[in-house]
J.: 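Handing you a structure now.
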Amino acid sequence: MQPYQNQSIHIYNSLTGKKEVFKPIEEGYIGMYVCGPTVYSNVHLGNVRTFMSFDMIYRYFKHLGYKVRYVRNITDAGHLENDADVGEDKITKKARLEQIEPMEVVQRYTVDFHNILNTLNFLPPSIEPTATGHIIEQIELIKTIIDNGFAYVVNGSVYFDVHKFNEANEYGKLSKRKLEDLIHNTRALDGQSDKKNPQDFALWKRAEPQHIMRWPSPWSDGFPGWHLECTAMSTKYLGDNFDIHGGGMDLKFPHHECEIAQSEAAKGISPVNYWMHANMLQLNGQRMSKTTGNTVNPHELLSGNNTFFSKAYSPSVIRFFNAMSSYRSILDLTDDGLLASEKGFNRLMEAINTLETITAGTTSTFNVSEWKQKCYDAMNDDFNSPILIAHLFEAAKVVNQIKDDKASLTSEDLELLKQTMNAFTFDVLGLVNVAQADTSSEKLSGAVELLIQLRQEARANKDFALSDKIRDELAAKGIQLKDGKDGTTFSTN
RNA sequence: GGCGUCUUGGCCGAGUGGCUAGGCAAAGGUCUGCAAAACCUUGUACAGCGGUUCGAAUCCGCUAGACGCCUCCA
């Protein structure tokens, strides 16, 4: 019996606009695809937020005992910048600027991407396929779409015929757009396009001579369209119809809309049962933007080397901050918000450390099993991590009350509380107990313990000048002494 | 301009047609040689104006504002 058999998850499905009961295609197994980064520069912090939310979702599924195949791609072939593009994609443009090979750019930023995610305690996906590794699959997919009459070839490029597709299908059902509206509201293009209609999108693009990344195909030496790679890779590893497809809200249109169209045109079935979209990350109430300079990258956030925040924030604090709001809400990154999260996070960690030191009583004044189910209910309700955290704080309060002899738990309940706290805090939310790791350094704690003892003696002799000196000098070094009932402890910050 | 989302206490941030999270900050208290830290306690908010309802912050309409996509930036 797996834990998921006792839980009923509801997921907000972007396709229907409703929370729906989650039922995997195959019981006990989940196929989940999330659009990964384009590795032509440092990964965008907003992108990291999306991946962080899906990391938490992945962790929760695993916690429930599901076998999850989580596929997150690497877009290393670049994608077209716009319709008027003469065949140069983002990756080659960057490479030329830096005078290096495109695959060198890809390699550098892929490594960088992984470093950041490791630092932030992400679980690696089950498969991390690259676009360049699936050119053949993409070519095959294009052939099928052409054979089915939904794409046409012009000058060595292949375009998806949106109008033809829309005759018997519904283009726009995910983003709630109507083709007629798109037609009326599409800006006049510069007329250089080979496309029959502005709404059509490229499946294959002929490479211009200066384009370095290119592959042979039946139509031309060229490269695949951006929307195609996700369709090719998701269906290859998860099947023509799979459970969950996620990504950032900005990908809903046109990217995900085009994925649906490609799949339906090629296979005749809708590819995804549950579409999930993480909302955007803002910086001080404004959209992050390179052009206006209102942007901070993950390295700068973690190092504190930026002009937006008063200090560096630890990976767990960043994760905690993210989990304090819903993945479907716009999240505004601010110094005040991060500071508040840091304090809250530290308080939670203190309570979890205290939990290891308290002892069981003969009765329970707190219903642990009921509380435990509330934690699950929170996550079952479209992964409502803010509610989960509220429950964790409720438990933290109980722990502190037990420490003050104002509450008690039987040993069974205490054990259950420990297990549940740890499971949700560390396994599901992916937090790391930094404070504990810091103070476990033996040399440091040995030295500080000695100072604590000397200060204790000074205090006993009422030599407060010395005792305060020890306290203040340590504080200046970032070591805080905490006088409690049962002696003095310390923490580093 | 089109389509869509949102507007909650000092700040952040969940949620629900009546039982009104949580965090941060604040105030009071406990502890302490004094502090700090920690802990305890307190705090009735839902943009504005109408409407539906026994009852709305929660449903409907209008207004104002913010944001997103449509157009390179995730």
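Since the model is a prediction, treat every value here as computed from it, not as a measurement. Below, chains carry the letters A, B, ... as their sequence lines are ordered, and counting in each starts from 1.
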J.: Check every strand shown and say whether M249(A) touches a base, only sugar-phosphate, or nothing at a heavy-atom separation below 4.0 Å.
T.: nothing
J.: Any side-chain donor-acceptor pair under 3.5 Å between T75(A) and N73(A)?
T.: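 The answer is yes; a qualifying pair exists.
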J.: Not counting sequence neighbours, list each pair that qualifies as a salt bridge (Lys or Arg N to Asp or Glu O under 4.0 Å) and has a residue in residues 321-333 of chain A.
T.: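 Pairs touching residues 321-333 of chain A that pass the test: R328(A)-D382(A).
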J.: Is the CD atom of Q453(A) crowded by more than 12 outside heavy atoms at less than 6.0 Å?
T.: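 Count not over threshold, so no.
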J.: Counting any heavy atom closer than 4.0 Å, what does Q286(A) reach on the DNA or RNA strands: base, sugar-phosphate only, or nothing?
T.: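 It contacts sugar-phosphate atoms only.
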J.: Does Q282(A) reach a base, just sugar-phosphate, or nothing at all? Heavy atoms under 4.0 Å.
T.: sugar-phosphate
J.: How does RNA chain B look in dot-bracket notation if pairs are Watson-Crick or G-U with both distances under 3.5 Å, crossing ones as [ ], other-strand ones as |?
T.: (((((((..(((.....[...))).(((((.......)))))....(((((..]....))))))))))))....
J.: Considering only heavy atoms and no angle criterion, is a donor-acceptor pair shorter than 3.5 Å present between the side chain of S289(A) and the base of C73(B)?
T.: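 Answer yes: a donor N or O sits under 3.5 Å from an acceptor.
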J.: Tell me which of F321(A) and R177(A) sits closer to the 5' end of RNA chain B, going by the nucleotide each one is nearest to.
T.: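 The residue mapped nearer the 5' terminus is F321(A).
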J.: Would you call D427(A)-R59(A) a salt bridge at under 4.0 Å N-O?
T.: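 Looking at D427(A) and R59(A), the cut-off is not met.
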J.: Between the protein and nucleotides 13-17 of chain B, list the N/O to N/O atom pairs that are separated by less than 3.5 angstrom.
T.:
| residue | atom | partner | partner atom | Å |
| --- | --- | --- | --- | --- |
| G13(B) | O2' | M324(A) | O | 3.4 |
| A14(B) | OP1 | S326(A) | N | 2.7 |
| A14(B) | OP1 | S329(A) | OG | 2.8 |
| A14(B) | O3' | N384(A) | ND2 | 3.4 |

J.: Should the pair R108(A)-D112(A) be classified as a salt bridge under the 4.0 Å nitrogen-to-oxygen rule?
T.: no
J.: Would you indicate what L281(A) reaches in the nucleic acid, counting non-hydrogen atoms under 4.0 angstrom: base, sugar-phosphate, or nothing?
T.: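 The answer is base, as L281(A) lies within the cut-off (heavy atoms under 4.0 Å) of a base atom.
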J.: Against the six-membered ring of F464(A), is R459(A) placed for a cation-pi contact (under 6.0 Å from the centre, within 45° of the normal)?
T.: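 The answer is no; the distance or angle limit is not met.
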J.: Looking at every strand, decide which applies to G344(A) at a 4.0 Å heavy-atom threshold: base, sugar-phosphate, or nothing.
T.: sugar-phosphate
J.: Test: salt bridge (Lys or Arg N to Asp or Glu O under 4.0 Å). Region: residues 11-21 of chain A. Which pairs qualify, not counting sequence neighbours?
T.: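 Found K19(A)-D381(A).
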J.: Using only heavy-atom distances, determine whether the side chains of H114(A) and E128(A) contain a donor-acceptor pair under 3.5 Å.
T.: yes
J.: Would you mind telling me which residue lines up with the more 5' stretch of RNA chain B, V398(A) or M288(A), judged by nearest nucleotide?
T.: V398(A)
J.: Among residues at least two apart in sequence or on other chains, which ones pass salt bridge (Lys or Arg N to Asp or Glu O under 4.0 Å) with K462(A)?
T.: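 Partners of K462(A) under the salt bridge (Lys or Arg N to Asp or Glu O under 4.0 Å) test: none.
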J.: Ignoring hydrogens and geometry beyond distance, is a side-chain donor-acceptor pair present between Q373(A) and D377(A) at under 3.5 Å?
T.: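 Yes.
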J.: Each nucleotide in nucleotides 32-39 of chain B should get exactly one letter: B, S or -. Can you fill that in based on protein heavy atoms under 4.0 Å?
T.: SBBBBBSS
J.: Is the H227(A)-H256(A) ring centre distance short of 6.0 angstrom?
T.: no
